[in-house]
Amino acid sequence: MHELLFFYVARVAPTWEVTWFFLLQGACLVLEFRLKNSFLAHRRRLHWAVSGPLTIGFVMATADWLFFPPLVRNGVDARAISECLAVVKFLKEKIQWT
């Protein structure tokens, strides 16, 4: 499903990088739950101030590796920015700031 959505946005054949990103996220989530429930159940858990940045860092690193490259490679980011600028320009013309 992710590759189909990516195809509608980028209009290029899928490279499966987006699917691998989501599969990796799901596999790591399952691994995290299993570790927490089996080996680490009797030990103290990481404080949220440590676990939060670790989670965000992992998602950012894997997104930079698998999710964003196909978008940038196919110019989806530039098209999205130009569409947002067109909407802002349209709204400025219609509202007529004085």
Below 3.5 Å, can you tabulate the donor-acceptor pairs from side chains in residues 57-76 to any protein atom, sequence neighbours excluded?
residue : atom : partner : partner atom : Å
T62     : OG1  : Q25     : NE2          : 2.7
T62     : OG1  : F58     : O            : 2.9
T62     : OG1  : V59     : O            : 3.2
R73     : NH2  : E17     : OE1          : 2.5
N74     : ND2  : P70     : O            : 2.7

Distance (rounded to the nearest 0.5 Å) between R79 CZ and C84 SG
13.0 Å
Check the hydrophobic clustering (I, L, V, M, F, W, Y; side-chain heavy atoms under 4.5 Å; chains of links allowed) and say if L29 and L24 are grouped together.
no
How close do E93 and Q96 get, heavy atom to heavy atom, and via which atoms?
O-NE2, 2.5 Å
If I take atom CH2 from residue W16 and atom CG from residue L23, how far apart are they, to the nearest 0.5 angstrom?
10.0 Å
Any non-hydrogen side-chain atom of E83 less than 4.5 Å from a side-chain atom of V87?
no
Between F7 and F21, is there a shared hydrophobic cluster once you connect ILVMFWY residues whose side-chain heavy atoms come closer than 4.5 Å?
no
T19: what forms a side-chain hydrogen bond (donor to acceptor under 3.5 Å, both in side chains) with it, not counting sequence neighbours?
E3
